[in-house]
Each structure stands twice: as C-alpha cells, then as structure tokens.
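The structure appears below as structure tokens.
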Number of protein chains: 2
Amino acid sequence: MLQKASQIEAEKPTPRQQAVLDAALGLMVEAGDQLTMTAVAARASCSKETLYKWFGDRDGLLSATVRWQASKVRVAPVDRARMDIAALTATLEQFASDWLTVITSKTSIALNRVAVAHAGSAKRGLGTIVLENGRFALAKRLKPVLEAARDAGLIAFDDAETAFRTFFGLVARDVQIRVLLGEKLKLSTVEITADARRATQQFLALHETGASFEARPGGSHLRMRKDVPVAYQVSRSARAPDKGKPRRRPPSS
Amino acid sequence: MLQKASQIEAEKPTPRQQAVLDAALGLMVEAGDQLTMTAVAARASCSKETLYKWFGDRDGLLSATVRWQASKVRVAPVDRARMDIAALTATLEQFASDWLTVITSKTSIALNRVAVAHAGSAKRGLGTIVLENGRFALAKRLKPVLEAARDAGLIAFDDAETAFRTFFGLVARDVQIRVLLGEKLKLSTVEITADARRATQQFLALHETGASFEARPGGSHLRMRKDVPVAYQVSRSARAPDKGKPRRRPPSS
DNA sequence: GCCGAACCGTAACGTACGGTACGGTTGACG
DNA sequence: CGTCAACCGTACCGTACGTTACGGTTCGGC
C-alpha cells in the first residue's frame, strides 16, 4: 500500500491525496456540517474504500484535512536585523492584518466550526491542531519580535506571553466569536488595515517606552482621546532594574 | 393543548417544561454532542411525544434550551448616579470579572459549542440567540456606563461601540476561542480578578483623560512599562469640537 | 364513578451515514 | 500478453437517531 493511515499523520500527502483533502476542505467550507464520506468521495472522484485506506476513518480524514490546511498557511518566520519603531510598527500591523484576514476567511471559519464541534465530543484532537497552528503558531512567531523590540528599548513588558495576549485581544476583539456564531461580518481590506493600525497603536500606547515614542512617526494616529490632549504618565512607581524577570505569572498558563 | 410549539417561542415555559429544559441543559454540558431526544426524555422522565408536542422538533428544543439559559443569566442594568473614577473602575472590573466567569463556565462553553456547530448548518438561529444574549447584551449594558464616564470627563472616546470592543478584547483576549477549542483552562477566581484588573487598567490607560488620572487611586496598578517611567502624550493632533460624532463607522456593524 | 386531556413508557418506522465488500478498470512491469 | 497492485464505482450492512404511533396511567371536572 502506498500510504497507511498511520503514516499519513506524519508524512506529506501525495498530490492525489492533496486533491482529496482540497475537496474535503471545499466541502467543509460550503456545506459545513454536511461533510460525509460519500460527499467527499463524490467530489474528489474517488472511492470510499480509498478514503478509508488512506485516512483510516472519518476522524482521520478530518484531522488530515485540518493539518493540510494548516500546512498551506505556514509562513516564513520574521527576522529583523534592524529593529526600530518603524519596523516594529510595520511588523505588528502586518501580523494584525494577516490575523484578521485569516480569522474572517471562510476557510478558517469552517475549520474552526468543525474543530469546536469536535472538541465537544470525547476525542478533541482537532481543537488542539487548530489551536496549535493558529493562536499558538502566531504567538511563536510574534514573541521574538516583541522581545527584540524590548531588547532594542522600544517597548517594555514583563512577560512576553502576557504582552502577546494583549496584542491578540486588541486585534481580534469580538471578531472571531461573532463570525463563528454565524454573524455576517465582511471586513474589507481597508477596514482590516485600519483595524490593524488601531490595534498596533493601542498596543504601542500601552507598552512603548518614552524613547520610542519620541522617535515614532505615527504618534498622531492614536486618537482614542480626542478632546483632552494631555500629558500623563503611567507606572510612576516602577523602577528600572528587574528587566526581563516577570513579576508574576500570567493568568493564562 | 397546554403549550403549542409555536407558542413556546415567546412564552415563558411552565415549571415542568423548565425542568425538561434544565435536563437538556445538563445533558448539553455533560455529554456535549450526545444530546439526543431519547437522552433528554430519559433524563427529564418525560416521553418523547411530549418533547415533540412542546418543542416541535429537535431544533425547537435546542432553541428553547438556549433561550432558557439566556433568561436565567439576565441581570439588572447598572445605573450610577455618581460617576467618579473609583466607581468607573469598580464597574469595569465587575463587568470584566463577570464576563470572564461566564465565558469560562461549562454551561457557556457547551452552549456556544452547540450554537457554533449550528451556525455552520443552514438554519443558524442559535448563533444569533447566543450572540444577542451574550456579546450584544454585554455591550448594551456597558455602553451607558462608558458614555456616562465620558460625560463626566473621566474618559474620552469617539465611538462607544469601538470603545466597548476595545474593552471586550482586552478582557477576553484568547480565552473564549481556547476553551471552545477544548483547551483545559481553569481560571481561578483570583486569576479572574487579576485579569479583570489588568484589562480595566489597560482600558483606562488608553482612554482616560488627564483629569481622571490625577484623581485615580490605582494609577500604579498599570505596570506594562516597567523600566522607563516617562511622560508621554497621545492624540496631540486631536481637537475638541466633534464630541459624540463617530469619525467613521466601526467595522463591525 | 365516568370522561377526556395530558402525559409516560416503549415500541416501531424511516433514513442518513459510517464503514465494508466486491466486481471492473487502469497502468506499470516483466 | 499476463500479472498484480492501486483504484473507482456501487451495492450493501449495521447502527444511531429523529420522528411517529399506541397502550397504559394520572388527574381534574361533572
């Protein structure tokens, strides 16, 4: 046999298998819950027997489909030799924009729907996969950026995980839960760009150091406070020396 | 007949029907996907015929169950005669704490799972109900607080919807999607309290006016910037007059 | 006590779908 | 050309579950 069901979990699917997985993906996006083995076989023009030989069972097919989609969106990790406030801003906006684009895409919505429903069942591997390739992959790529920016003195935070989650919240807000619950929420590219800008500016407002603000070109983008432009300071009681040591664990982990 | 299926959508269920709905709710929380009509009838000690007479069909039962749970968590709207920075902080922290408690509860998770799965199907009434009684109900209760605080000069923002969504994002961050995708994420009450504090302080840091900061007792709670206490200002280009008129529509609606 | 409505428990029906079996076809290889 | 593995198409099986039907029980009204 070409690919055992147990092998496919680690190996790259053959082109024919990729076609089958794309068919499953398309069906998942269009029909949502109607992802039956018969339907996949019909769309992919393959026999159900082949599906079972390749993927073991329905869960195997679902799992392979989710992993296949995840492998398609994998992007190159960012590496920034020079790290200044402009580069940081651009990178954050790019991350925010990418993330908003992903979570509002039909594919992501369908995939997350399936994974959420699956997580309610006994076996919840799909949720883990989606989480691993979504939210945690994002964190893994973004944290080095944040830490590089901190090392460069541009921003300040105790814990990279907490800082990431703040950024995540400012970017995603209520978008994902709303689309998952079926609300039509079509974000145009200009809205996404604006949202990414807003989230980035808010994040920088919370975390940037004085030095970085002085040099920041887009300081006037932040317009939360509109009628009372005023100088204020935060954290007047914080002092310098304990850099890098988080004061307390973030509540997440 | 006592209650037709079409009637129950608007009327309050009888005590016996409430017991049935509670049984369905409990089953939903425990078994997740295994919410079969037989199981509900067995747990509620009623006949399936009665279920169909009361709720029409399976979707009717699901819908009634979701609506029943929603009716149980309805809380009184806040009304604050005096609005100072302490009251605002306390209210925001309360909202944040309540919301985190809700979205991490087993009931909410189970309900959202069912609604999300349902939203993938053709008929997506459950998602709308959950959204209406969750995220939108929260906004409806919180926006008057925000606007009262703005009127009192404590905070500043252009659009209440946008300000709410910022707060929402800072509070929820990645919590809901993670628990929905099956991650075990047990937040203790002290973690929730700390999170509520952090979110509130971050929100205030983004939106408070200078006057409110002067009077704020908890100014030192915000510790995002730790090693560079510095005065900086935002929105130096913003001027006063267009109060209350949002500069552009929020991307949500 | 009698009647009918509401309800319980259970059996039964129909169907959808996961999973399997099997005959027929293709194509590589000798 | 023969062989054999992979694969397609389709028929088939078993089960789970939504839905309906029906006999038996309780209970309020007369």
Side-chain angles (χ1 to χ4, degrees), chain A residues 1-8 11-24 27-28 30-66 114 117-118 120-123 125-126, chain B residues 1-8 11-24 27-28 30-66 114 117-118 120-123 125-126:
Chain A
M1 59 192 75
L2 199 71
Q3 295 266 6
K4 263 211 323 244
S6 58
Q7 292 176 328
I8 209 171
E11 298 183 8
K12 198 160 88 87
T14 68
R16 179 70 180 113
Q17 289 171 342
Q18 293 179 11
V20 171
L21 293 177
D22 278 330
L27 215 48
M28 202 181 280
E30 295 173 22
D33 52 342
Q34 306 219 21
L35 189 81
T36 78
M37 301 299 275
T38 305
V40 173
R43 171 171 295 215
S45 293
C46 73
S47 74
K48 291 209 293 181
E49 193 179 26
T50 303
L51 289 185
Y52 283 100
K53 186 191 294 183
W54 284 349
F55 306 107
D57 58 359
R58 186 172 185 271
D59 272 340
L61 174 61
L62 256 53
S63 175
T65 305
V66 171
V114 172
H118 199 92
S121 162
K123 46 208 178 320
L126 288 193
Chain B
M1 60 191 72
L2 199 69
Q3 295 267 4
K4 262 209 325 241
S6 58
Q7 292 178 327
I8 206 172
E11 298 183 7
K12 199 160 88 93
T14 68
R16 180 68 179 117
Q17 290 171 341
Q18 294 178 11
V20 171
L21 293 177
D22 279 329
L27 215 49
M28 202 180 281
E30 294 172 24
D33 53 341
Q34 306 216 20
L35 189 80
T36 77
M37 301 298 277
T38 305
V40 173
R43 172 171 294 214
S45 293
C46 74
S47 74
K48 292 206 277 181
E49 191 179 27
T50 302
L51 291 185
Y52 283 98
K53 185 191 294 183
W54 284 349
F55 305 107
D57 58 0
R58 187 172 184 271
D59 271 340
L61 174 61
L62 256 53
S63 176
T65 305
V66 171
V114 173
H118 200 91
S121 163
K123 45 208 179 317
L126 288 191

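Throughout, protein chains are lettered first and strands after them, A, B, ... in sequence-line order, and every chain is numbered starting at 1.
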Report the distance from atom NZ of Lys48(A) to atom OG1 of Thr38(A), rounding to the nearest 0.5 Å.
3.5 Å

How many whole angstroms separate atom NZ of Lys53(A) from atom C1' of dG18(C)?
18 Å

I need the CG-P distance between Leu27(B) and dC17(D), as an integer number of Å.
11 Å

Could you state the CG-P distance from Leu51(A) to dA21(C), rounded to the nearest angstrom?
16 Å

Separation of Phe55(B) CZ from Gln17(B) CD (nearest 0.5 Å)
5.0 Å

State which residues pass salt bridge (Lys or Arg N to Asp or Glu O under 4.0 Å) with Glu30(B); sequence neighbours excluded, sorted by chain then number.
Arg43(B)

Roughly how far, to the nearest 0.5 Å, is the CG atom of Asp59(B) from the NE2 atom of His118(B)?
4.0 Å

Measure the CG-CG distance between Leu51(A) and Asp57(A) for me, rounded to the nearest 0.5 Å.
11.5 Å

If only side-chain N and O atoms of Trp54(A) are considered, is one of them under 4.0 Å from the OP1 or OP2 phosphate oxygen of dA6(D)?
no

How long is the span from the CG atom in Leu62(A) to the CG atom in Leu21(A), to the nearest 0.5 Å?
10.5 Å

Would you mind reading off the distance between Phe55(A) atom CZ and dG18(C) atom C1', rounded to a whole angstrom?
16 Å

Table of protein N/O atoms under 3.5 Å from nucleotides 18-23 of chain D N/O atoms:
unit_1, atom_1, unit_2, atom_2, d
dG18(D), OP1, Arg58(B), NE, 2.8
dG18(D), OP2, Met37(B), N, 2.9
dT19(D), OP2, Tyr52(B), OH, 3.3
dT19(D), OP2, Arg58(B), N, 3.1
dT19(D), O4, Lys48(B), NZ, 2.2
dC22(D), N4, Glu49(B), OE1, 2.6
dC22(D), N4, Glu49(B), OE2, 3.3

